[in-house]
Each structure stands twice: as C-alpha cells, then as structure tokens.
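Notes follow the structure.
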Amino acid sequence: MSEAQSLLSLFEKPYSDVTTPRANESMAFELEERPVVVPRVGAGPTITLPRRPDADPSKLGTATVVPRGSAFSFFVSTHRRAAKDLCDAFMKTTGVQDLVQFAARVKDVVNESLFIYSLSFVILHKKELRNFRLPSLVEVFPQKFVPVEHLIKSQQEAVRRDENEETPIVIEHGPDFSSNTIKPEHRVAYWREDYGMNVHHWHWHLVYPIEMNLNRDRKGEIFFYMHQQMIARYDMERLSVGLRRVEKLENWRIPVPDGYFSKLTVNNSGRAWGTRQDNTFLKDFRRNDFGLQPLDITELEVWRSRLLDAIHQGYMKNPNGDTIPLSDDVTSGKRGIDILGDTLEADADLSPHYQFYGDLHNMSHVLISFSHDNDNAHKEELGVMGDPATSMRDPVFYRLHKFVDDVFQAYKLTQRPYTMEDLSMPGVVVNQVSVTSKREINKLTTGWSTREFEASRGIDFNSPNPVILRLTHLDSVPFNYHIEVTNTEPKPKVVTVRIFLAPKHNGSGAEMPFMEQRILWTEMDKFNHTLNPGKNQIVRSSKDSSITNPTDITFRDLDSKPMTSETEATEFDFCGCGWPQHLLLPRGKPEGMAFQLFYMITDFEKDKVEQAQGARSCANAVSFCGVLDAKFPDSRPMGFPFDRRPPPVLLDAGVLTTADYARLDNIMMQDVTITFLADKLVK
Ligand code: CUO
C-alpha cells in the first residue's frame, strides 16, 4: 500500500473510527497502544499509528471547538478559525507519511467535515502533495447529496442480504428531487440539487478560502465574478422552465417566500439539517452554541448602507481614517471590485475595516441558516445554507446572492464606461461563427444522463458489496465552435477568444435591451489563439471550456491510477474545482429556446499577465478557479466586456441591444437554439 493510498483512505468513512477497515477492507489503521489482536478478515496491511504528543487535542488550538457529529460552517468565523488551526497543524507535517500518521491520530477528535476540509486544503497547498487529487465529495459525504431515506433503505438491504449475493446495492436518485410540482420552484430543483454544481461550490470555497493567509490573486474579484455567473446561469435555467428571474433578498423584515426541506442529514446518525417553512421571517441571531456574538438584522442593514455609501462616494476608510479609493482603472494595486469583494464577503484579514464594514455576506448565510431556530430553543441544527456543499440546493441561496450581486453591480455602474478602443481590435475581422453538434448547425441539445458513485466509500453499510449511487442529472450533447477570423496584418498575432451565452428573450418574451441582458451573459469559453496573416479557421470543443471541470474523480479512479508526489502535473492538476461539464448548457425548452452566442477577439498583448517563473497552470476551469500560486491569467476585469456600461458613443448612436456591439469587426453574434429532450441523452 503506497503512502498516497493510505492518505486517500483517510477520506473514506469520515464518521467511522479511524481503525475501521478502509479501501474496500484492504487496509486498516491500528493505534500503537491498542494493537489489533484478532487478525482482520480483509487482506492487505495494518498500519500502526505511533503515539504523537503533537496530536493531543490540547495542541490543536481551537480545532476541537466544532462539535463532532454536527455541521461545520465556513460562514461562521469561529469555525473558520478552527479550520485555520487544523490546517496549520497539518501544514507543519513533513512528508506524506508524517501527514498520514498525524491526520489519522486527530481524525477521531475533530469534527468530521472540518477534518475533510482541512485535509483537502493541505493537499492543495502543501508543495509535496501538489499532484494528489481529491476524491469526489459525493463519495466522501453521500449524506450531503442523497436523501436519508435512500441511505437507510440501503442499510436495511445490506443487512437483509445473503453474504454471497454479489450484485451491488444501487440507490437511484433524481431527477425528481426534494419537493413536488405544487411548488413552482420545484421546476428548477434538478438544477439546484445537482451534485456537480454543489461539489463545485464546495471546492471553490476551498480554493478561495477567507482568512487562511493565502494571498490568492484577485480573490475578492473572483468571489464577485464566480457568484455573479452562477446567478446568471440560474436565471437562464429559470427562463428555460418558464419561471421569472430570481428576485433579490433585500428586505430582511418581510418573510422569505420559499421554504426548503433538504431531507439530508449532517452525519450518519440521522441528525437532520435545519429546515425552513415557506414565509419564514429572518430573526436576530441569538444562539450561544457557535461562539458568535448576538447579531441583529439592524447590523446587516447598517453594513449594507456603509458599503453602498463607500460605493457611491468612491472610497472606503480604514481604521486610521485613511482613504482607500475604489476604482477598477488602476495601474497597480487592487481594483475596487477586488477590495469590495473582500469587504463584502467578508475576509477579516483583507477588509479595509472589518469592524466598520462588517461581515455582510457570511452573516447573511448564518442568519438564514438559523431562521428556523435563531435562539437554539429547539436545539435544531444549522440549515443547508450554512455549508457550501449544500447551500445551492436552497432557493434562498439565489435570492441572497442576487442581493450580493446587486451591490457589486451598483459599484460597477459607478465605473467609467468602456470606450470603443477598449472593445475593439484593429486588424482583426470575425467573418463568421457557428456551432455544430452531431451534424446540426446552431442547434444544441440537452437531456438526462446518469452518473455512478460508490456511497460505501463514505458510509459504512456493513456490507461486503459496494453500495452504488446512480444520480440522474441534466447533460448536453458536446459541440464545437467554429470561428472564421481574418488577420489583415502581415504578421501572426496572438489573440484572446471570448465566448458568452445569454437567452435572447426575457421572461415576457421580448428581446432584451443591452442593460437587461448585460448581467445574463455567461462565460462559455476563453482561450488564446495565434492568428496567421489572412483567413483563419478556429475550431474549439465545448469540452475544453474555461469554466468547467470535465469529471469528478472517484475513489475507484484514484485506486486504478495510484498517485505519487512525482506524478506528472499535467495528469493530476489541482482543480477538482470547476463548473460541472454536464451543466455547461442551460436546459432550454422541449420546443427549442432561443439563445445567443457572443464571440469577441481581443489583443493578447493587452490581456496578458506576467507570471513568475515556474507558475503552473491548472488545465481546467481557469476562469472560475484561477491558477494556484500564480496570477489570474487575464488582465481585463472579470466579466469583460459585460461588467460595465456601453461606450457613450454607441449609446449616442442609439445602442439598445448587445447586437450593437457586433458592429465592431472583432465581435460577432449568432442565434442558437437549445432543445431539451425530456429523455436519456444519446451523446
Ligand atoms: Cu459561495 Cu455565499 O458564497 O455561498
């Protein structure tokens, strides 16, 4: 058994003792002071964990303050501190074996989700572990993805079964999710409860954590951009199923219309996530079991108004009273959107004045998570809004983040509009564009697919057979972009190709003016290309998107391809982060739905970012997840060119729609249809 496999085994069965056999019973840990006397049934080694004074709970800082068996929430500052203390302790280990022995020793004294979070963090950030990959969170914590009744039934089935029965137990789930058709919101449940999107969100917060001393480039700005894009995608999905676009949660004094009942459990013993009835009022936070101070809704309102003041005045103040200007047109230092992102999210280490501007977004998650039991009178658990792995299931997530995005958009509207020079690229003409999918031109298709995971890696079913989760999810037929571009200059030119998608019509069926459609444009791809003089044909696969992660890695994948610290970086890059490839396209409609693709060519000389020597690019999802230990690889503001108002000269000429941008030679638009086949997809 390699060191990598023993490290991987620590991701299995988080709620079982460390000495529970792992890796399909092929290995086990034993404690030095409690050696296993009866030989194990399974083959493979027993690894002895020596006593370690440094693993004593008293040496772990605040890491043990999060109770075992309960929820761990990165939105709660005391839990973040606990995570930092545990991550720091893991980071101090030297080499894989040392980490395995230390982590295995502390596993049973810290909160289970906190343990997996911290172990994942250290794998991403410890140099010698850089090439290791994380198993999918679906297999680590099936209970965060599948209703508890399925899991209990499988447990009963495992007990009932004859030992010699070899067929695996299969749990089928979806696309009929946690509510029924009485609720209009149910129409997008397949999307909100998609495993890949929830895994992505967990992973994103793991690679862009707050208060972890990481100094990631443009962290505040990517918090804005990635969440803005999720809201735009949600709106596209809503329009696909005939729902209105999401409305922001801005008035915290009126009831939240949508309830949410996840039917998921926090741990293996059936402890349920808190639920929320329809029309629940948010309440002042008055619990004392999280180590947080009481917090009134009034404070959220004060923080919001201070942030809006800063946006409209164009600066913030730090505790010394110094002025910090907010502008996206900077030649050095942080952009205003980056500062605002860090202040609003909030990151106490990076906010110019955390006491004054507060912790608006994190504490909104917390207040919403406890709207059912704000004072612990019912001893109820946190709601799903408290965990990035589950929060996107809840309709209120999108209302909250629509509000957050509105604050960011208020800032963006204070910035100077782009000029024609910002938008154009002399010497480049886009002649024609199209997408092809299975011999169809400009017609794209979505439908249902399934994906299997091994639930028995995360939960001990006491069964010799694997328990398989078969999850149904939205998917699309892959397609290619075709772009014909003329380089009118006599020498080759390196360019950036930017591709966005938006619905053509709004909820009323009308074509949208630019300012309405502006925040619905979602990035589909962004890549560099060298144009030769004359005509160039660019063909690009949808599978190479700049936002997606092609697949979730399972324990089985990792077993069959054992990792070492020398494994080629290209093979095992750090990103499990990334929008799921299967949700690259919105659902569309059975009768076909009109969308538009927007293609823009910009000059790489202006876009490029100087990277330090040796910076390694992650192959996937760069636009949403950045590049580890390197700068974000596009110098333009995230969301360019849709993050700002249109050039006044276009407005003066009567610009009303995005199509007016396509008057520029380097921009072209194309109508496409997305048709949803309410059936299993044949790719
Ligand atoms: Cu990702 Cu509120 O930041 O969930």
Side-chain angles (χ1 to χ4, degrees), residues 71-77 79-80 83 113 117 120-121 137 144 191-194 196-212 214 216 218-234 246 248-250 252 256 260 262 273 276 282 300 303-304 307 337-338 340-348 350-351 358-371 382-409 547 549 576-580 583 621 623-626 638:
F72 160 70
S73 173
F74 212 74
F75 300 117
V76 171
S77 57
H79 287 197
R80 291 202 288 278
S113 289
Y117 176 90
S120 306
F121 178 93
L137 200 69
K144 293 192 187 190
W191 195 88
R192 281 189 277 104
E193 297 179 7
D194 181 87
M197 193 174 67
N198 282 285
V199 168
H200 160 65
H201 189 229
W202 179 81
H203 217 116
W204 187 91
H205 280 276
L206 176 73
V207 298
Y208 281 103
I210 46 182
E211 296 156 21
M212 293 295 272
L214 278 182
R216 288 212 64 185
R218 294 167 73 180
K219 179 172 77 66
E221 184 177 8
I222 207 167
F223 171 75
F224 143 70
Y225 182 57
M226 203 286 294
H227 288 85
Q228 184 271 329
Q229 289 282 294
M230 294 201 304
I231 297 301
R233 288 186 163 271
Y234 183 55
V246 63
K248 61 183 166 183
L249 180 73
E250 185 177 44
W252 302 315
V256 176
Y260 190 68
S262 71
W273 291 94
R276 190 181 63 255
L282 298 189
L300 296 185
W303 292 338
R304 172 182 58 194
L307 286 166
I337 187 70
D338 203 11
L340 187 61
D342 286 332
T343 314
L344 201 171
E345 186 178 0
D347 186 320
L350 297 176
S351 167
D359 199 355
L360 181 55
H361 154 267
N362 292 324
M363 287 312 291
S364 296
H365 270 272
V366 173
L367 249 72
I368 295 168
S369 306
F370 286 121
S371 56
L382 193 74
V384 291
M385 273 293 278
D387 183 342
T390 52
S391 55
M392 292 187 77
R393 310 175 86 83
D394 187 334
V396 79
F397 173 91
Y398 304 88
R399 288 181 182 266
L400 169 63
H401 271 279
K402 177 70 179 165
F403 156 70
V404 168
D405 192 52
D406 249 53
V407 178
F408 286 129
Q409 297 300 341
I547 64 160
N549 176 35
C577 180
W579 191 253
L583 292 187
S623 290
F624 277 7
C625 303
M638 295 181 199

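For ligands, and for the atoms within them, numbers begin at 1 and follow the listed sequence. All values derive from a computational prediction rather than experimental measurement.
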(request) Go through the steps to decide whether H227 and W204 satisfy the test side-chain contact (heavy atoms from CB on, under 4.5 Å), and finish with yes or no. (result) CA-CA 10 Å; H227 288 85; W204 187 91; 3.8 Å; yes

(request) Run the numbers for me: atoms of ligand 1, each under 4.0 Å from some heavy atom of F397, listed by number. (result)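 Taking each heavy atom of F397 in turn, ligand 1 has 4 (O) under 4.0 Å.
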
(request) Pull out every atom of ligand 1 sitting under 4.0 Å from any heavy atom of H361, numbered as shown with elements. (result)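 Near H361, the atoms of ligand 1 are 2 (Cu), 3 (O), 4 (O).
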
(message) Minimum heavy-atom separation for A346 and G358, please, with both atom names.
(response)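 Closest heavy-atom pair between A346 and G358: CB-O, 3.3 Å.
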
(message) Please find the pair of heavy atoms, one from D194 and one from P580, that lie closest to each other, and give the distance.
(response)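 Scanning both residues, the minimum pair turns out to be OD2-CG, 4.1 Å.
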
(message) Here's one to test your reading of the geometry: is the NZ or CZ of R304 within 45 degrees of the ring axis of W252 and under 6.0 Å from its centre?
(response)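 Ring-cation test returns yes.
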
(request) Tell me the protein N, O or S atoms under 2.8 Å from atom 1 (Cu) of ligand 1, in chain and number order. (result)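 The answer, once waters are left aside, is H201 NE2, H205 NE2, H227 NE2.
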
(message) Counting the benzene-type ring for Trp, do F223 and H361 have ring centres under 6.0 Å apart?
(response)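 Between H361 and F223, which both carry aromatic rings, the centre distance is below 6.0 Å.
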
(message) Using ring centroids (six-membered ring only for Trp), state whether F397 and H201 fall under 6.0 Å.
(response)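 Between F397 and H201, which both carry aromatic rings, the centre distance is below 6.0 Å.
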
(request) Could you pull out the atom name of the N/O/S atom in H365 that is nearest atom 2 (Cu) of ligand 1? (result)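 This turns out to be NE2.
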
(request) Scan for salt bridge (charged side-chain N to carboxylate O under 4.0 Å, His left out) pairs involving residues 358-371, sequence neighbours excluded, and state none if there are none. (result)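 Residue pairs passing salt bridge (charged side-chain N to carboxylate O under 4.0 Å, His left out), neighbours aside: R80-D359.
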
